[in-house]
Each structure stands twice: as structure tokens, then as C-alpha cells.
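In listed order, ligands and their atoms are each counted from 1.
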Amino acid sequence: MKILIVGQGGREHALAWKIRQSPLVKEIFCAPGNAGTALEAVNVDIAATDIEGLVNFARKQKIDLTVIGPEAPLVAGLADILDKEGMRVFGPSKQAAELEGSKVFAKDLLRTAAIPTAEAQVFSNAQAAEAYVEGREETRLVVKADGLASGKGVSVCQNKEEALEALKRIMRAREFGDAGARVVIEECLDGEEASILALTDGETILPLETAQDHKAAYDEDKGPNTGGMGAYSPAPLISPLLMDNIIGQILVPAVHAMKRRNRPFRGILYAGLMITHQGPKVLEFNVRFGDPEAQPLLMRMKSDIVPVLLAASEGRLREVDPITWDPRPSICVVMAAEGYPGNYQKGQVIRGLEEAARVEGVKVFHAGTELKNGEVVTAGGRVLGVTAVGDRLSDAKLRAYQAVKLIRWPGAWCRHDISDKARQYLNE
Ligand code: AMP
Ligand code: GLY
């Protein structure tokens, strides 16, 4: 089979690495890919948002399955076009991808399906939104731009002043363009966060193992929000009982509600949850693998991923064997460029990748990297996802940080406490 992977982050490198292990696969292309995917696949110079370029490439190369990594091409309708042309694709349709593309749509679906989530109000008028904030008692509020904003459209506000400032940036200054034409203002939830990902073909739901992301930039969850500074799997916070509850009260009603709205969801449904004292509540849906959650998850997946992706794309997920997992925990530490998540430099030569790759149980997934004159250089904010598996979580952590220590470029940094949160639930 010929597979095309769309995207260029750590998630896509992990997908390419995992897909390459399938005996069903003869050739893999990655558009546009990075220096890491170049080791597993053939990179093609087409942007993940160049829908026409991607469709033309898939047609010309007679691609058997296109796997779409990021949300932007999904929200733009890449899956629909490939599907219409009779090409197999893993990833939801444009209408189904609205679950991530519009927070207003997602909130409405959550409400009508009676899925636990934060209380919220929707506004399309800045003045009305401001009046609502002014009129409330002094509490913490979360202000969210409706549309896609590269993970930056959410502000957790400690007081009215911060909420008004967020509204100003989103609705008046239009920092995120049309994504800020509407906002969701919701109550701030307390608890611990977890990511639950499930494969679905619109009917059958196959939950994946649990994972937990670290969204804040610095140790102890301090600093600005990022795309994710590290992750681990499994998330021991999610007990089997809690998982049953999440499947029954969140995943099943969400998939059914999408079907009822004539937007059957095929692909990865990612529920970002807050585990509160009243139980799990949905913070957001994503319509794809998480990045960096995909890295530790895929490292633990033992089954061949390709038959599962094919079955999901063809609506016959109920026929596939259960996915088998390495019981050992895994962790991914993101190494970032100086300045991230603000402005950062590109083009720094990365050293020590071979030494790091030799650490037992370690795989270094590339994110923002590219090849320049035969050298691997930085090309993004999140540069590498150093991922390791170990008998215990502490062993996996030790291995990952051992490898991190061997990798260097000017300004490289990472969080040092990835997976420490899990310790309170473990006897390690
Ligand atoms: P989202 O893109 O909706 O997941 O929001 C990004 C991050 O903002 C989440 O991972 C949470 O850390 C935080 N967040 C979003 N909604 C809420 C909420 N209602 N209460 C507390 N934190 C939230
Ligand atoms: N790691 C969070 C996300 O992929 O959205």
C-alpha cells in the first residue's frame, strides 16, 4: 500500500514511524514532513493547508490511504474532497471537524446531548459579551474564540479585568481574525486534565489507552499555555471505573449526537477533560491525534495500526481485533527553541541525535526540524519529542531525560517535571 501522511509535527513523525512498521505498507509519503519523517518516509514539499496540491498528489500517486494529522486541513474539508474522488482517507469530514473548528458548535452539541461540560454563554456581539462579564459576580471565567487559533484562542481569566482584556483581543482587535467573530464565555473548572482519545467510524468506538498532556510552558504548570510540552501514557488518574464513565457519558453520546446531526464522525475523537469533584467534564473536543500525546501512545501500541485506520475509514471498525498495548508506561519530553511559545529563532544545528537514539527504550521524534546542507536544524518552536518506554514510569522518565541531556543546540530547553503528576497515583 501507498500511504500519505499530512502534517509536519511530532505527531506526524510518530505516525510515520508506526505506519512504517506495518507489513502492508510499501511506500509512505509525508507532506510536508520534517527531518525525522524523512527517515521513515519520502517528504513531499506540499503544505498541510494546500488542499488542491494534496489532492492532486494523492490522485497522481494513487495513494491507498491518506492520514491527516492536523486540524486545519480537516476543518478545510480535505477528507471530503479525497472521499468524493473515491480515495480512502483517515480523518473526519469538514462538517464533523466542526467539533474542533467551532467551539460554539461543540458547546451546543454537548448541551443538547447532556454531556457534562462547563456552563457557558455564546456571544457574537462584543458589547453584549462585555456587558455580560461586567454584570457577573467576580469569578474566574474562561474566554474562548470560536474558531481555530493554533491553540492560543483560550484565555483562563482570574478576574473581570482579564476577561474584558481577552474579549478586547479576540472580538475587537481580532487577534485571531474571523475565529474571533464569536466567543464562548464559560465557568472555570478545577481539577486535573486528561486526554481521552478514541477511534471511531461513526458507529463503533474504540477507546485508545489514556494519556496526559502538559500544556503550561514551565515546571509546576507555570507560564503561558503551549501546544504541549510533554505527555505520558497511561494516565493513572483515569481508573478503569472512571474510563467506563467517560465512555458511557461522554464518548458514546458525542458520537451518537454527531450521527443524529448527519455529521457522522470518522477518525480520532479526542476529548480534553477536566476531572472535577463532580466527575469528568469536557473542556474541548479535538478531531485528530493530540500532539504530543500521539508520541507516547503510538510508542505503546503493539498492534499494526494500518488495518485499524483502514477499518475506521471504511466504516467497519466493529470487525477489527482489539488493539493490543505494551503495558509499560511511556513518556515524551518536548525540547523547545528559546523564546517558544513566543517568537523563537530557527536554523540552529542540532547535535547529539545519534547518541540520544542509542539510549535503550528511546525514540526521538522530530517536530520543528528540517535538513539543511546535510544537517538537522531547528525549524519550529517545539523541536523534538524525546520519547521513552520503561518498566515503571520513573524508568521511562529517567531514559527520556538521559537522552534529552545528550541533545544540544543553543537555547534548547524543556520542562523537567514531565509525568511527575502521575506519581501521586502510583507506588513508585
Ligand atoms: P481548550 O483549547 O478548550 O482545551 O483550552 C485550552 C486549555 O485551557 C485547556 O487545556 C485547559 O487547561 C484550559 N481550559 C479550557 N476551558 C477551561 C475551563 N472551563 N476551566 C478551566 N480551564 C479551562
Ligand atoms: N496536545 C494538545 C493538542 O494536541 O491539542
Side-chain angles (χ1 to χ4, degrees), residues 7 9-12 14-15 68-72 74-75 97 99-107 110 115-121 139-158 162-163 166 170 176 179 183-197 208 210-217 221-233 235 267-278 280-298 332-334 336 341 365 367 381-382 385 415 418 421:
R11 163 184 51 212
E12 286 75 23
L15 280 166
I68 306 174
E71 60 277 17
L74 290 166
V75 171
L99 214 41
E100 176 167 358
S102 166
K103 296 205 187 277
V104 174
F105 174 80
K107 201 51 136 184
L110 287 163
I115 297 171
T117 185
E119 289 292 332
Q121 297 282 333
T139 49
R140 292 182 300 151
L141 288 172
V142 184
V143 179
K144 303 182 173 186
D146 175 42
L148 291 185
S150 314
K152 299 193 182 99
V154 174
S155 299
V156 178
C157 306
Q158 299 306 322
E162 282 181 27
I170 297 171
F176 310 112
V183 292
V184 175
I185 304 180
E186 66 183 38
E187 60 168 335
C188 191
L189 300 175
D190 286 313
E192 205 172 322
E193 285 182 52
S195 310
I196 301 295
L197 283 75
L208 305 185
T210 55
Q212 190 153 350
D213 188 8
H214 294 62
K215 287 213 165 101
D221 285 341
K222 302 233 164 71
N225 239 339
T226 69
M229 293 303 296
Y232 57 92
S233 169
I268 291 280
L269 180 62
Y270 165 143
L273 306 178
M274 187 73 87
I275 311 302
T276 72
H277 289 306
Q278 291 111 42
K281 295 191 179 184
V282 176
L283 296 176
E284 62 163 346
F285 283 119
N286 292 324
V287 298
R288 50 174 174 81
F289 279 104
D291 188 343
E293 293 96 321
Q295 290 84 314
L297 271 176
L298 293 174
C332 169
V333 177
V334 169
F365 292 116
R382 293 190 295 170
R415 273 182 68 157
I418 300 302
K421 270 183 223 185

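In this structure, CG in Leu273 is found 9.5 Å from OG1 in Thr117, a value given to the nearest 0.5 Å. The distance from the CZ atom of Phe365 to the CZ atom of Arg382 is 14.0 Å, given to the nearest 0.5 Å. For the atom pair Lys107 NZ and Phe285 CZ, the distance stands at 10.0 Å (nearest 0.5 Å).
Between Arg11 and Glu293 no salt bridge is recorded (no basic side-chain N to carboxylate O distance below 4.0 Å).
The protein non-hydrogen atom at the shortest distance from atom 2 (C) of ligand 2 is Asp213 OD2, 3.3 Å. Summary of contacts: the protein heavy atom closest to atom 7 (C) of ligand 1 is Asn225 ND2, 3.9 Å. Val154 CG1, 3.5 Å is the protein heavy atom nearest to atom 8 (O) of ligand 1. Closest to atom 17 (C) of ligand 1, if we only count protein heavy atoms, is Leu283 CD2, 3.4 Å. Among protein heavy atoms, atom 14 (N) of ligand 1 sits closest to Val156 CG2, 4.1 Å.
Here Met274 has side-chain heavy atoms under 4.0 Å from ligand 1, and that is the only part of it that gets that close.
Between Leu189 and ligand 1, an N or O atom pair is found at a separation short of 3.5 Å. Taking any N or O of Gly227, backbone or side chain, at least one lies under 3.5 Å from an N or O belonging to ligand 2. Considering backbone and side-chain N/O of Asp291, one or more are found under 3.5 Å from N/O of ligand 2.
At least one heavy atom of Gly290 sits closer than 4.0 Å to an atom of ligand 2. At a 4.0 Å cut-off, at least one heavy atom of Glu187 sits close enough to ligand 1 to count as contact. For Arg288, the heavy-atom gap to ligand 2 drops under 4.0 angstrom. At least one heavy atom of Tyr270 sits closer than 4.0 Å to an atom of ligand 2. Using a 4.0 Å cutoff on heavy atoms, Pro292 counts as a contact of ligand 2.
None of Arg140, Gln278, Met274, Glu119 except one satisfies the side-chain contact (heavy atoms from CB on, under 4.5 Å) rule with Leu189; the exception is Met274. Each of Leu208, Leu283, Asp213 was scored for a side-chain contact (heavy atoms from CB on, under 4.5 Å) with Ser195, with one residue passing: Asp213.
When every heavy atom of Met229 is checked against every heavy atom of Ala336, the shortest pair comes out as CE-CB, 4.1 Å. For the residue pair Arg415 and Ala216, the shortest heavy atom distance occurs at NH1-O, 3.0 Å.
Near Lys215, meaning under 4.0 Å from any of its heavy atoms, are these atoms of ligand 1: 10 (O). Within ligand 1, counting atoms from 1 as listed, the ones closer than 4.0 Å to a heavy atom of Glu186 are 16 (N), 17 (C), 18 (C), 19 (N). Using a 4.0 Å cut-off to heavy atoms of Lys144, the atoms of ligand 1 that qualify are 3 (O), 15 (C), 16 (N). Of all atoms in ligand 2, numbered sequentially from 1 with element shown, those under 4.0 Å from a heavy atom of Asn286 are 5 (O). Listed by number with element, the atoms of ligand 1 under 4.0 angstrom from any heavy atom of Glu284 are 1 (P), 2 (O), 3 (O), 4 (O). Within ligand 1, the atoms closer than 4.0 Å to a non-hydrogen atom of Glu193 are 9 (C), 10 (O), 11 (C), 12 (O), numbered from 1 in the order shown. For ligand 1, the atoms closer than 4.0 angstrom to any heavy atom of Cys188 are 20 (N), 21 (C).
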(request) Begin with the C-alpha distance, continue with both residues' side-chain angles, and end with the deciding distance and a verdict on side-chain contact (heavy atoms from CB on, under 4.5 Å) for Leu74 and Arg288. (result) CA-CA 9 Å; Leu74 290 166; Arg288 50 174 174 81; 4.3 Å; yes
